[in-house]
Amino acid sequence: MIDRRLMIKTSLREREMSTDKWQTIDVENIDKSARALHACSLDPSIRCLAELRASQINGCLSCTHFRREQAEALGISADKLAALAAWSESDAFDEREKAALAWCESFTHFRPANPATRKLALTAFSPRELADLTMAIEMTSALSRASRRATG
(Lines give C-alpha, C1' and ligand atoms only; values in the text may rest on other atoms or scores of the structure.)
Protein backbone atom coordinates (compact mmCIF):
# COMPACT_ATOMS: atom_id res chain seq x y z
CA MET A 1 0.00 0.00 0.00
CA ILE A 2 1.33 3.47 -0.95
CA ASP A 3 1.36 6.17 1.69
CA ARG A 4 -0.51 9.09 0.12
CA ARG A 5 1.04 11.55 2.60
CA LEU A 6 4.49 10.73 1.26
CA MET A 7 3.27 11.22 -2.30
CA ILE A 8 1.83 14.63 -1.42
CA LYS A 9 5.03 15.72 0.36
CA THR A 10 7.13 14.57 -2.56
CA SER A 11 4.90 16.37 -5.02
CA LEU A 12 5.08 19.61 -3.01
CA ARG A 13 8.85 19.35 -2.68
CA GLU A 14 9.23 18.80 -6.43
CA ARG A 15 7.17 21.92 -7.12
CA GLU A 16 9.28 23.93 -4.66
CA MET A 17 12.50 22.77 -6.31
CA SER A 18 11.37 23.32 -9.90
CA THR A 19 13.32 25.73 -12.06
CA ASP A 20 10.18 27.86 -12.40
CA LYS A 21 10.62 28.78 -8.74
CA TRP A 22 13.91 30.53 -9.58
CA GLN A 23 12.15 32.63 -12.18
CA THR A 24 9.92 34.14 -9.50
CA ILE A 25 12.64 35.42 -7.13
CA ASP A 26 11.47 38.75 -5.82
CA VAL A 27 14.54 40.84 -6.51
CA GLU A 28 12.72 43.86 -5.08
CA ASN A 29 12.77 42.34 -1.57
CA ILE A 30 16.50 41.70 -1.81
CA ASP A 31 16.95 45.26 -3.04
CA LYS A 32 14.92 46.63 -0.10
CA SER A 33 17.22 44.84 2.32
CA ALA A 34 20.27 46.12 0.45
CA ARG A 35 18.93 49.67 0.56
CA ALA A 36 18.53 49.41 4.34
CA LEU A 37 22.31 49.08 4.47
CA HIS A 38 22.62 52.61 3.09
CA ALA A 39 21.97 53.85 6.62
CA CYS A 40 24.82 51.76 8.03
CA SER A 41 27.84 52.99 10.01
CA LEU A 42 30.18 52.81 7.03
CA ASP A 43 31.27 55.81 4.96
CA PRO A 44 28.83 55.86 2.00
CA SER A 45 31.59 56.22 -0.60
CA ILE A 46 33.48 53.20 0.76
CA ARG A 47 30.27 51.15 0.85
CA CYS A 48 29.44 52.22 -2.69
CA LEU A 49 32.92 51.36 -4.03
CA ALA A 50 32.69 47.89 -2.46
CA GLU A 51 29.19 47.35 -3.86
CA LEU A 52 30.29 48.49 -7.31
CA ARG A 53 33.30 46.16 -7.23
CA ALA A 54 31.10 43.24 -6.13
CA SER A 55 28.74 43.97 -9.03
CA GLN A 56 31.68 44.04 -11.46
CA ILE A 57 33.01 40.72 -10.18
CA ASN A 58 29.58 39.10 -10.37
CA GLY A 59 29.20 40.24 -13.97
CA CYS A 60 25.87 41.98 -13.58
CA LEU A 61 25.86 44.81 -16.12
CA SER A 62 22.66 46.46 -14.87
CA CYS A 63 23.88 46.27 -11.25
CA THR A 64 27.25 47.74 -12.25
CA HIS A 65 25.52 50.57 -14.11
CA PHE A 66 23.24 51.29 -11.13
CA ARG A 67 26.15 51.27 -8.64
CA ARG A 68 28.22 53.50 -10.91
CA GLU A 69 25.40 56.07 -10.97
CA GLN A 70 25.29 55.93 -7.17
CA ALA A 71 29.06 56.45 -7.00
CA GLU A 72 28.86 59.45 -9.33
CA ALA A 73 26.04 60.91 -7.22
CA LEU A 74 28.26 60.56 -4.13
CA GLY A 75 30.99 62.52 -5.91
CA ILE A 76 33.42 59.65 -6.45
CA SER A 77 35.78 60.77 -9.22
CA ALA A 78 35.64 59.36 -12.74
CA ASP A 79 39.36 58.52 -12.46
CA LYS A 80 38.73 56.43 -9.35
CA LEU A 81 35.80 54.64 -10.98
CA ALA A 82 37.87 53.91 -14.09
CA ALA A 83 40.64 52.42 -11.91
CA LEU A 84 38.33 50.29 -9.76
CA ALA A 85 38.97 46.95 -11.48
CA ALA A 86 42.71 47.44 -10.87
CA TRP A 87 42.37 49.14 -7.48
CA SER A 88 45.29 47.27 -5.89
CA GLU A 89 47.70 48.74 -8.44
CA SER A 90 46.30 52.27 -8.26
CA ASP A 91 47.27 55.27 -6.13
CA ALA A 92 43.73 56.63 -6.48
CA PHE A 93 42.48 54.73 -3.42
CA ASP A 94 43.25 55.44 0.22
CA GLU A 95 44.03 52.76 2.80
CA ARG A 96 40.43 52.35 4.01
CA GLU A 97 39.17 52.03 0.44
CA LYS A 98 41.84 49.46 -0.35
CA ALA A 99 40.98 47.52 2.80
CA ALA A 100 37.29 47.52 1.82
CA LEU A 101 38.05 46.42 -1.74
CA ALA A 102 40.37 43.63 -0.60
CA TRP A 103 37.67 42.46 1.83
CA CYS A 104 35.11 42.66 -0.99
CA GLU A 105 37.19 40.57 -3.35
CA SER A 106 37.82 37.88 -0.74
CA PHE A 107 34.09 37.48 -0.13
CA THR A 108 32.91 37.88 -3.70
CA HIS A 109 35.40 35.33 -5.02
CA PHE A 110 34.35 32.92 -2.21
CA ARG A 111 37.84 32.81 -0.74
CA PRO A 112 38.61 33.08 2.93
CA ALA A 113 40.35 36.35 3.69
CA ASN A 114 44.07 35.81 3.90
CA PRO A 115 45.75 36.97 7.12
CA ALA A 116 47.02 40.20 5.53
CA THR A 117 43.54 41.10 4.22
CA ARG A 118 41.97 40.27 7.56
CA LYS A 119 44.52 42.37 9.46
CA LEU A 120 44.08 45.28 7.05
CA ALA A 121 40.29 45.17 7.45
CA LEU A 122 40.43 44.86 11.25
CA THR A 123 42.84 47.79 11.42
CA ALA A 124 40.89 50.01 9.02
CA PHE A 125 37.38 49.45 10.35
CA SER A 126 35.56 49.19 13.65
CA PRO A 127 33.82 45.86 14.30
CA ARG A 128 30.48 47.48 13.43
CA GLU A 129 31.82 48.98 10.20
CA LEU A 130 33.34 45.65 9.18
CA ALA A 131 30.04 43.87 9.85
CA ASP A 132 28.19 46.49 7.79
CA LEU A 133 30.75 46.22 4.98
CA THR A 134 30.42 42.44 4.95
CA MET A 135 26.62 42.64 4.79
CA ALA A 136 26.74 45.26 2.02
CA ILE A 137 29.05 43.06 -0.04
CA GLU A 138 26.98 39.93 0.50
CA MET A 139 23.65 41.67 -0.20
CA THR A 140 25.05 43.22 -3.37
CA SER A 141 26.40 39.86 -4.51
CA ALA A 142 23.05 38.18 -3.85
CA LEU A 143 21.21 40.92 -5.73
CA SER A 144 23.65 40.71 -8.64
CA ARG A 145 23.29 36.95 -8.91
CA ALA A 146 19.50 37.06 -8.61
CA SER A 147 19.29 39.83 -11.19
CA ARG A 148 21.50 37.91 -13.62
CA ARG A 149 19.44 34.75 -13.13
CA ALA A 150 16.16 36.64 -13.66
CA THR A 151 17.36 38.35 -16.83
CA GLY A 152 18.84 35.27 -18.38
Side-chain angles (χ1 to χ4, degrees), residues 13-152:
R13 184 168 291 143
E14 286 172 359
R15 278 197 305 240
E16 289 173 1
M17 299 298 286
S18 75
T19 56
D20 291 339
K21 177 97 172 156
W22 285 107
Q23 294 174 359
T24 61
I25 291 174
D26 189 352
V27 176
E28 288 182 23
N29 283 332
I30 296 172
D31 187 51
K32 286 177 188 175
S33 296
R35 287 177 188 271
L37 286 168
H38 289 205
C40 73
S41 65
L42 197 59
D43 177 318
S45 64
I46 290 174
R47 178 193 42 77
C48 188
L49 285 170
E51 290 173 338
L52 176 55
R53 185 66 187 127
S55 295
Q56 288 176 336
I57 293 167
N58 284 308
C60 179
L61 188 58
S62 63
C63 299
T64 298
H65 180 73
F66 175 71
R67 301 289 178 209
R68 186 175 180 92
E69 286 179 349
Q70 287 182 327
E72 290 168 349
L74 286 170
I76 298 172
S77 73
D79 290 341
K80 190 174 279 192
L81 295 175
L84 187 58
W87 64 268
S88 64
E89 302 163 9
S90 173
D91 293 331
F93 301 92
D94 65 31
E95 291 306 310
R96 282 175 54 91
E97 291 168 336
K98 286 184 176 186
L101 294 167
W103 194 251
C104 172
E105 290 199 0
S106 71
F107 276 89
T108 309
H109 287 299
F110 302 107
R111 299 187 303 244
N114 67 39
T117 300
R118 183 179 303 277
K119 183 177 181 181
L120 186 61
L122 291 170
T123 302
F125 301 107
S126 71
R128 174 66 189 264
E129 287 175 321
L130 193 54
D132 287 342
L133 176 62
T134 304
M135 288 303 299
I137 293 164
E138 291 300 315
M139 288 299 298
T140 299
S141 291
L143 184 58
S144 294
R145 285 187 216 105
S147 179
R148 276 190 19 234
R149 187 182 270 296
T151 59

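Keep in mind the model is a prediction, meaning the values are calculated, not measured. One-based numbering along the sequence shown.
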Quiz prompt | From F125 atom CZ to D132 atom CG, the distance as rounded to the nearest 0.5 Å | solution = 11.0 Å
Quiz prompt | CG on L133 to CD on E51, rounded to 0.5 Å | solution = 9.0 Å
Practice problem: Could you grab the distance from atom CD of E138 to atom SG of C104, nearest 0.5 Å is fine? | Solution: 9.0 Å
Quiz prompt | Approximate separation, where rounding is to 0.5 Å, of S55 OG and Q70 CD | solution = 9.0 Å
Practice problem: Report yes if the side chains of E129 and I46 come closer than 4.5 Å at any heavy-atom pair, otherwise no. | Solution: no
Quiz prompt | Heavy-atom closest pair, residues L101 and L49 | solution = CD2-O, 3.7 Å
Quiz prompt | R128 to S41 - nearest heavy-atom pair and separation | solution = CG-OG, 3.4 Å
Practice problem: Give the intermediate values and the outcome of side chain to side chain contact (heavy atoms under 4.5 Å, CB included) for residues L81 and E72. | Solution: CA-CA 9 Å; L81 295 175; E72 290 168 349; 3.8 Å; yes
Practice problem: Working to the nearest 0.5 Å, report the span between CG of L143 and CG of N58. | Solution: 10.0 Å
Quiz prompt | Least distance between heavy atoms, R47 atom then A136 atom | solution = CG-CB, 3.9 Å
Practice problem: Check Q56 against T64 and note the closest heavy-atom contact, atom names and distance. | Solution: N-OG1, 3.5 Å
Exercise. Could you pull out the closest heavy-atom pair between I137 and A100, with the gap in Å?
Key: CD1-O, 4.4 Å
Practice problem: Could I get the full list of side chain to side chain donor-acceptor pair (under 3.5 Å) partners for S77, not counting sequence neighbours? | Solution: none
Exercise. Side-chain contact test, heavy atoms from C-beta onward, threshold under 4.5 Å: evaluate it for I76 versus L52 and give yes or no.
Key: no
Quiz prompt | By side chain to side chain donor-acceptor pair (under 3.5 Å) - contacts of D94 (at least two apart) | solution = none
Quiz item: What residue pairs, at least two apart or across chains, pass side-chain hydrogen bond (donor to acceptor under 3.5 Å, both in side chains) with a residue in residues 81-90?
Solution: W87-E105
Practice problem: Measure the CG-OG1 distance between L42 and T134 for me, rounded to the nearest 0.5 Å. | Solution: 9.5 Å
Quiz item: Considering all heavy atoms of both residues, which atom of R118 and which atom of W103 are nearest to each other, and what is their separation?
Solution: CA-CZ3, 3.9 Å
